[in-house]
Number of protein chains: 2
Amino acid sequence: MSEELVNFFKALADPNRLKIVGLLAQQPYSVEQLAAILHLRASTISHHLSKLAEVGLVSAKAESYYNVYQLEEETLQKTRRLFSQQDLAAVVEGVDMEGYDRKVVEDYSMPDGRLKTIPAQRKKLEAVLRYVVTVFTPGVRYSEKQVNEMLSRFHEDTATLRRELVGYGLMQREGGGGEYWRK
Amino acid sequence: MSEELVNFFKALADPNRLKIVGLLAQQPYSVEQLAAILHLRASTISHHLSKLAEVGLVSAKAESYYNVYQLEEETLQKTRRLFSQQDLAAVVEGVDMEGYDRKVVEDYSMPDGRLKTIPAQRKKLEAVLRYVVTVFTPGVRYSEKQVNEMLSRFHEDTATLRRELVGYGLMQREGGGGEYWRK
DNA sequence: AATTCAATTCGATGTTTATCTAATTAAATC
DNA sequence: GATTTAATTAGATAAACATCGAATTGAATT
């Protein structure tokens with residue numbers, strides 16, 4: 001999940017917490033010692049340590065009076081690994097990629113669902129075409145006449161729409177017969 | 001410097017910024033596109049992108065109307081490297097270790113101010129020595145007898161204390177005369 | 001030159017969070 | 001068992017920050 005990664009970064013996104021990690025990388029310290037070194041109250045250190053412990057970066061070990069904290073090297077290593085290319089892709093999971101298309105189509109559509117204009121800008125044209133093409137059923141073959149008729153629902157300039165659909169590879173035309181199908 | 005690392009973590013310590021990085025890891029996007037995909041206003045995306053750009057994680061490239069942002073893979077790699085053992089030590093630079101000294105001395109001192117024992121651990125010994133040496137006035141020359149007398153206030157084993165003070169370079173002894181002074 | 005459109009900046013708002021003091025808990029020494 | 005001492009929790013405050021809408025900038029098309 002992506003939340004784990006965010007929390008990890010949040011844990012390290014504070015100067016004092018980073019210093020604590022740096023100190024613990026050298027040797028274990030008690031809450032009191034860290035407070036003395038960093039000029040903070042014990043309660044504040046406690047708060048920071050609990051955040052670090054939440055993501056498994058540190059752990060406590062009771063030692064006579066003191067609560068001695070130590071760095072969990074393993075978590076550090078593991079997260080360094082986690083922080084690599086393919087895992088970054090996982091961060092995007094669950095993101096609404098069609099949001100952009102929908103927005104563009106909305107912008108270009110009139111209340112009756114017809115297009116005000118055919119977008120001139122490449123990116124927007126693509127989005128609209130990805131939307132328009134959904135009226136065709138994959139696998140079914142359509143004659144040019146049928147295609148035009150179906151496209152006329154969106155815009156009178158069916159020729160342009162048809163051409164662009166093929167141009168952007170969303171529909172295909174068989175060389176001779178003038179038949180089209182959705183890819 | 002450590003601030004750089006903190007800022008880097010801060011830049012990634014937000015769910016939407018992480019998603020932006022994840023998206024840009026796949027392909028460049030314009031501000032508008034990101035806004036549509038993440039369901040945020042363009043101004044918010046702009047804000048996030050500027051934070052990411054501050055740490056060099058993304059860069060913009062003007063492309064006709066749009067400002068297309070792309071991920072700076074190099075920075076990602078570099079920071080992954082930066083976030084390794086020895087660099088964690090650098091985070092601790094500039095930290096007030098005196099606070100720690102004071103705490104250690106307290107731990108090793110009895111109510112009357114004498115040392116319970118002379119610390120065996122190097123770090124703690126250093127801390128105690130830095131404290132002990134403060135009873136000597138810089139510039140003043142002391143005979144070995146005087147030194148021993150003053151050190152006896154802390155611990156009966158004055159010879160060890162004296163030797164360690166010199167060993168750690170906190171006091172200096174003149175070759176022949178047996179005179180000592182604080183550095 | 002005028003207009004359009006994306007991007008940025010500005011100002012405001014509500015939330016998060018780092019820090020403190022005070023109170024409480026927990027554990028070890030007397 | 002009472003007392004000391006470290007750690008945590010709770011409550012309060014102030015600073016940092018994410019987000020939005022509005023205003024401004026700046027570039028590209030007409």
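Naming convention: chains lettered A, B, ... in sequence-line order (proteins, then strands); numbering from 1 in each chain.
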Please check the phosphate of [N] (OP1 and OP2 only) for any side-chain N or O of [X] closer than 4.0 Å.
X: A:Y66; N: C:dA26; result: no
X: B:K10; N: D:dC17; result: yes
X: A:H48; N: C:dT19; result: yes
X: A:N67; N: D:dT8; result: yes
X: B:R17; N: D:dA18; result: yes
X: A:T44; N: C:dC20; result: yes

Side chains of [X] and [Y], heavy atoms from C-beta outward: is any pair under 4.5 Å?
X: A:V140; Y: A:R182; value: no
X: A:R162; Y: A:Y180; value: yes
X: A:N7; Y: A:E54; value: no
X: A:V128; Y: A:V132; value: yes
X: A:L161; Y: A:L129; value: yes
X: A:L49; Y: A:L34; value: yes
X: A:F136; Y: A:L151; value: yes

In whole angstrom, give the distance that lies between atom [atom1] of [X] and atom [atom2] of [N].
X: B:L18; N: D:dA18; atom1: CG; atom2: P; answer: 12 Å
X: A:L34; N: C:dT19; atom1: CG; atom2: P; answer: 13 Å
X: A:L40; N: C:dT17; atom1: CG; atom2: P; answer: 18 Å
X: B:Y29; N: C:dA6; atom1: OH; atom2: P; answer: 18 Å
X: A:H47; N: C:dT24; atom1: NE2; atom2: P; answer: 21 Å
X: B:L49; N: C:dT8; atom1: CG; atom2: P; answer: 7 Å

Students often get this wrong, so: under 4.0 angstrom with heavy atoms, is A:I45 touching a base, only sugar-phosphate, or nothing?
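It contacts nothing in the nucleic acid.
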Out of [options], which has the shortest distance to the side chain of [X]?
X: A:S43; options: D:dC20, D:dC17, C:dA22; result: C:dA22
X: A:R41; options: C:dT9, D:dA7, C:dT21; result: C:dT21
X: A:Y69; options: C:dT19, D:dT8, C:dT9; result: D:dT8
X: A:E32; options: D:dT19, C:dT19, D:dA7; result: D:dA7

Position toward the 5' end of DNA chain C (nearest nucleotide), B:S46 or A:D14
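Counting from the 5' end, the first nearest nucleotide belongs to B:S46.
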Pair listing, ring-ring contact (aromatic ring centres under 6.0 Å, His included) test, anchored in residues 13-61 of chain A, at least two apart
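Every pair satisfying ring-ring contact (aromatic ring centres under 6.0 Å, His included) with a residue in residues 13-61 of chain A: A:Y29-B:Y100.
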Listing time: all N or O pairs from protein to nucleotides 28-30 of chain D that are below 3.5 Å?
none

